[in-house]
2 protein chains.
Amino acid sequence: MPPKIKSPEDREKLRTLILDAARTLFVELGIEAVSMREIARKINYSATTLYNHFADKEALLQAVCDEDFLALASGMRDIMQLPGLIERIQALCIGYAQFALSHPNHYRLMFMTPRAPCNLDITKIQQGNTEQDGYAQLKLVVQAAYDAHLFKADITDSELIAQTLWASTHGVCSLEIALGHETWIHWTDIEKRLHLMQSAILRGLLQHPESLN
Amino acid sequence: MPPKIKSPEDREKLRTLILDAARTLFVELGIEAVSMREIARKINYSATTLYNHFADKEALLQAVCDEDFLALASGMRDIMQLPGLIERIQALCIGYAQFALSHPNHYRLMFMTPRAPCNLDITKIQQGNTEQDGYAQLKLVVQAAYDAHLFKADITDSELIAQTLWASTHGVCSLEIALGHETWIHWTDIEKRLHLMQSAILRGLLQHPESLN
DNA sequence: ATAAAAAAGTTAACGGTGTTAAGTTAACAG
DNA sequence: CTGTTAACTTAACACCGTTAACTTTTTTAT
């Protein structure tokens, strides 16, 4: 005895009910546990109902991730209030890493999985919008530091610098997520790996690395 | 009219026939195109035949990757013959990156996908064996450089250094594989990204970075 | 030589997946 | 009171990995 015409609020309520059920499975059991039928079972609806709210599984997962990535971007916006430029860069990397390691499944879906040429169509995050896009914020502060001649003189592309900083933190995090549980590698402490990566990369990029704390 | 008892050579022949079909699909169409049925169709056998040669899909893909990773390790063994320690480290990173970018699907399966605690049970590569394990070779040369006091004095863990070097190259490669086709990021040239990463990380780690070419 | 065993394949099936088509029921609009 | 439409369901399609049961051939043992 299902049908009951719903107010827009009710509709929104069901949407977030689906979203939350999907997130729970996603976070707890990993992406392989997220099936449309499983999500539906969890909230006592049929699987096809999910398709009234999301085009397909991809769109649903994207929506889950979008929500949490907005939280990341928001955290970064706070970090951008810090006084020092280098301080800001360091804090951005640390915040980014904390997010990655505490949301490994999200991170994997967003940054470790090749996707169809453009799922911009799907995501609702406005890329390049500083308010919503973490990379845009990194680019901003790197550009400021570049303009202040904080980087070595022979490095002449601030976008390249930003991407290198990103890749360095991403390297540590993604390796930890993918292989951190492998026992044949005698992993050192993840904190130490993050710290050495950050200090090394900044020492290698900055004109005056001795100014690092 | 199928059954024909086969000599061990014949059996081996079919095994590599399966392996090659799997590799072709894997490399060309990506991992999602590799289904047991699809592989079987390609070589005109039934899907169940594959299970006479491989325990399951995971084992088959692992076998495909193992073969190619032995080639990588072999290339690294050649690089280890280079005279200079730093030269060797640089060449290892470059060779590693070339492999990753020319075998993105292999790379993704091996280094970008979390796995059950230990698929050592599956892989036939002997981890830690310098002959077969690329990471072991990196560790070796890093240890040698460490013993020669080539790294900054405040860095006191050579395993940590090796893992940082690995993560730095992995960061550039995995980001390129996962997001290199995204258009909302204004990617700089991949060669430049690799080069800046390597020079920056070495400048940050080495005691005498000015000695870099 | 004949019977039993093993090998190398096959088809059919199980339980799962994402997704769509068609049907059902309830609320609203005229 | 009759459409229409929204919300939801069941049934189905075409796939998937994997296993069980079966067939046919070859080898081995008596």
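Just so it is clear, the values below take in all heavy atoms, side chains as well, and ignore hydrogens, waters and symmetry mates. Chain identifiers are assigned alphabetically (A, B, ...) following the order of the sequence lines, protein sequences preceding nucleic acid strands; residue numbering begins at 1 within each chain.
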Got a sec, which residues hit salt bridge (charged side-chain N to carboxylate O under 4.0 Å, His left out) with B/R41, two or more places apart in sequence or on another chain? B/E38
Output all residues satisfying salt bridge (charged side-chain N to carboxylate O under 4.0 Å, His left out) with B/K57, sequence neighbours left out; order by chain, then residue number. none
Which residues satisfy the side-chain contact (heavy atoms from CB on, under 4.5 Å) test with A/L82, sequence neighbours excluded? A/I79, A/E87, A/R88, A/A91
For [X] and [N], give me the distance from atom [atom1] to atom [atom2], rounded to whole Å.
X	N	atom1	atom2	answer
A/H53	D/dC8	NE2	C1'	10 Å
A/M36	C/dT19	CE	P	6 Å
B/L14	C/dA8	CG	C1'	9 Å
B/I18	C/dG9	CD1	P	8 Å
B/E38	D/dA14	CD	P	16 Å
B/K57	C/dG16	NZ	P	18 Å
A/E32	C/dG18	CD	P	12 Å
B/E12	C/dA7	CD	P	17 Å

Should A/T49 be listed as having a side-chain N or O under 4.0 Å from OP1 or OP2 of D/dT9? yes
Ignoring backbone atoms, test whether A/T48 places a side-chain nitrogen or oxygen under 4.0 Å from the OP1 or OP2 oxygen of D/dT9. no
Quick one: side chains of residues 188-198 of chain B, donor-acceptor pairs under 3.5 Å with protein atoms, not counting sequence neighbours, listed by atom name and distance.
| from | atom 1 | to | atom 2 | distance (Å) |
| --- | --- | --- | --- | --- |
| B/T188 | OG1 | A/Q163 | OE1 | 2.7 |
| B/R193 | NE | B/T188 | O | 3.0 |
| B/R193 | NH1 | B/E176 | OE1 | 3.1 |
| B/R193 | NH2 | B/E176 | OE1 | 3.0 |
| B/R193 | NH2 | B/T188 | O | 3.0 |

Donor-acceptor contacts, no H, no angles, side chain residues 16-24 of chain A, under 3.5 Å, sequence neighbours left out:
| from | atom 1 | to | atom 2 | distance (Å) |
| --- | --- | --- | --- | --- |
| A/T16 | OG1 | A/K13 | O | 3.0 |
| A/D20 | OD1 | A/R23 | NH1 | 3.0 |
| A/R23 | NE | A/D68 | OD2 | 3.1 |
| A/R23 | NH2 | A/E67 | OE1 | 2.4 |
| A/T24 | OG1 | A/D20 | O | 2.9 |

Using a cut-off of 4.0 Å on non-hydrogen atoms, how would the nucleic acid contact of A/Y51 be classed: base, sugar-phosphate, or nothing? base
When all nucleic acid strands are considered with a 4.0 Å heavy-atom cut-off, which category describes B/S35: base, sugar-phosphate, or nothing? sugar-phosphate
5′-ward residue of the pair B/R11/B/R37 relative to DNA chain C: B/R11
Taking D/dT10, D/dC16, C/dG9 as options, the one with an atom nearest any side-chain atom of B/R41 is D/dC16
What nucleotide among C/dG9, C/dT10, C/dT19 has an atom nearest to a side-chain atom of B/S46? C/dT10
ring-ring contact (aromatic ring centres under 6.0 Å, His included) partner of A/H170, chosen from A/F111, A/Y107, A/Y135: A/Y107
How far does the helix from C/dA1-D/dT30 to C/dG30-D/dC1 bend, going by the axes of its first and last five pairs, to the nearest 10°? 30°
Aromatic ring pairing A/F99/A/H103, orientation class (parallel under 30°, perpendicular over 60°, tilted between): parallel
